[in-house]
> 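To start, I am sharing the structure in question, which I have written as structure tokens.
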Amino acid sequence: MRKIAKYLIFTFAVSWLLMAVGVHDFENAGAGGAMTFSYALSMCMFMPTIGALIAGANFRELGWKPNFGKGARYLLIAWLAPTVSAILGAAVYYIVFPDDFETAGNFLRDIDRDVYIECQESGGSYAWYVIKEIFFSFTSFYVLPAVVMGLGEEIGWRGFLFPELRERLGRTKGVIIGGVIHAAWHFPLMLLMGYEYGRGYIGEPLLGLFAFSIFCITTGTISNWLYEETHCIWLCGLFHGAINSTFNPCMLRGAEHFERSVFGPMDVGLVAGIPYMIAAFLILCFQHKRDEADFAELDGWKS
């Protein structure tokens, strides 16, 4: 437990300090403050790696060599699953809350009026713009830096913390506690500046903290599964980066009912996150059955 304690103390203390400085400058220093905030968050994403190094993680055994034979299908899952889940989750959300769905482009007009005007003048439909954004979310160059940034976290969460928790608590408890820890690492941003869900949402702030914990548990379950199946830390970085760079389903949300953000349409919502929840549940069931079969085979061999 001393290794885990070292990891958590360093990772949380330094990251939370960086977050506090970044949020302060973002709210008080104009454009320069926004840049400071961006740099602070980028630095935070590498603190889990440094924390793992301080805690004594064996970096040589993290799994740096990709196995393209066995791991090809897992590579596709890590790369494409976040976009597929975002689409399915948004569909579930807009089915549950149909009055939030619209294709008028209000979202684009509000965040980037120049791009909105260009889209209008080109004669293309807004639906076509959304389709292109979905395609670019997993094919553009920006996925690569997202993978590097995601790897900065995953070396700590997946490469170090989860194996330590699994050894002490078992897989299921390790996944749940590790997911809550991962979520809690983000809590200062959520409490100080409305990270992920904004302000004024239903049940603020406790429901947001709970929803994000569920998100980190479910995505962590999938990432842990990728790591256990391939022992390749790069796939965890790819999965993390693909989640961060996938398209924003808010492109199809109307201008009202922002208080529902804790439910979706982004995949961190309790409703839009249902595809991740189902996938995580099935993975844990599959792993549990496989472990039981392995134990039964071992007992049979001993007897």
> Salt-bridged, Glu153 to Arg158, with N to O below 4.0 Å?
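Judged by the 4.0 Å cut-off on N to carboxylate O distance, Glu153 and Arg158 do not form a salt bridge.
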> Taking all non-hydrogen atoms of both residues, which atom of Gly152 and which atom of Thr49 are closest, and how far apart?
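Heavy atoms of Gly152 and Thr49 come nearest at O-OG1, 2.6 Å.
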> I'd like to check Phe37 versus Asp25 (side-chain heavy atoms, cut-off strictly below 4.5 Å). Are they in contact?
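Of all side-chain heavy-atom pairs linking Asp25 with Phe37, none is under 4.5 Å.
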> Determine whether the aromatic ring centres of residues Trp185 and Trp16 are separated by less than 6.0 angstrom.
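No, too far apart.
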> A side-chain contact here means heavy atoms from C-beta on lying under 4.5 Å apart; do Ile274 and Tyr93 qualify?
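The answer is no, as the side chains (C-beta and beyond) never meet within the 4.5 Å cut-off.
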> Between Phe97 and His257, does the ring centre distance come in under 6.0 Å?
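That pair fails the under 6.0 Å test.
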> Does the side chain of Ser137 come under 3.5 Å of the side chain of Ser245 through a donor N or O and an acceptor N or O?
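The answer is no; no qualifying pair exists.
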> Under 6.0 Å between ring centres: does that hold for Tyr227 and Phe162?
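For Tyr227 and Phe162, the ring centres are not under 6.0 Å apart.
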> May I ask you to decide if the ring planes of Tyr276 and Phe215 are parallel, tilted or perpendicular, using 30° and 60° as cut-offs?
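Taking Phe215 first and then Tyr276, their aromatic rings stand perpendicular (interplane angle over 60°).
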> What pairs with Tyr94 under ring-ring contact (aromatic ring centres under 6.0 Å, His included), at least two apart in sequence or on another chain?
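Only Phe101 meet the ring-ring contact (aromatic ring centres under 6.0 Å, His included) criterion with Tyr94.
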> So, do Tyr7 and Trp157 sit near enough that their side-chain heavy atoms are less than 4.5 Å apart?
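A side-chain contact exists here, since the closest heavy-atom pair is under 4.5 Å.
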> Can the ring centres of Tyr74 and Trp225 be said to be less than 6.0 Å apart?
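So the answer is yes for these two rings.
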> With rounding to the nearest 0.5 Å, note down the distance linking CD1 in Ile134 to OH in Tyr129.
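Going from CD1 on Ile134 over to OH on Tyr129, the span is 11.5 Å.
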> Would you compute the distance between atom OG of Ser223 and atom NE2 of His182 and round it to the nearest 0.5 angstrom?
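Here the interatomic distance stands at 9.0 Å.
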> Please report the shortest heavy-atom distance between Phe26 and Ala34, naming the atom on each side.
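Scanning both residues completely, I find the closest heavy atoms to be CD1-CA, 3.8 Å.
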> From Leu209 CG over to Leu191 CG, what is the distance, rounded to the nearest 0.5 angstrom?
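If I round to the nearest 0.5 Å, the distance is 5.5 Å.
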> Could you tell me whether the side chain of Met45 reaches within less than 4.5 Å of the side chain of His240, counting heavy atoms only?
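A side-chain contact exists here, since the closest heavy-atom pair is under 4.5 Å.
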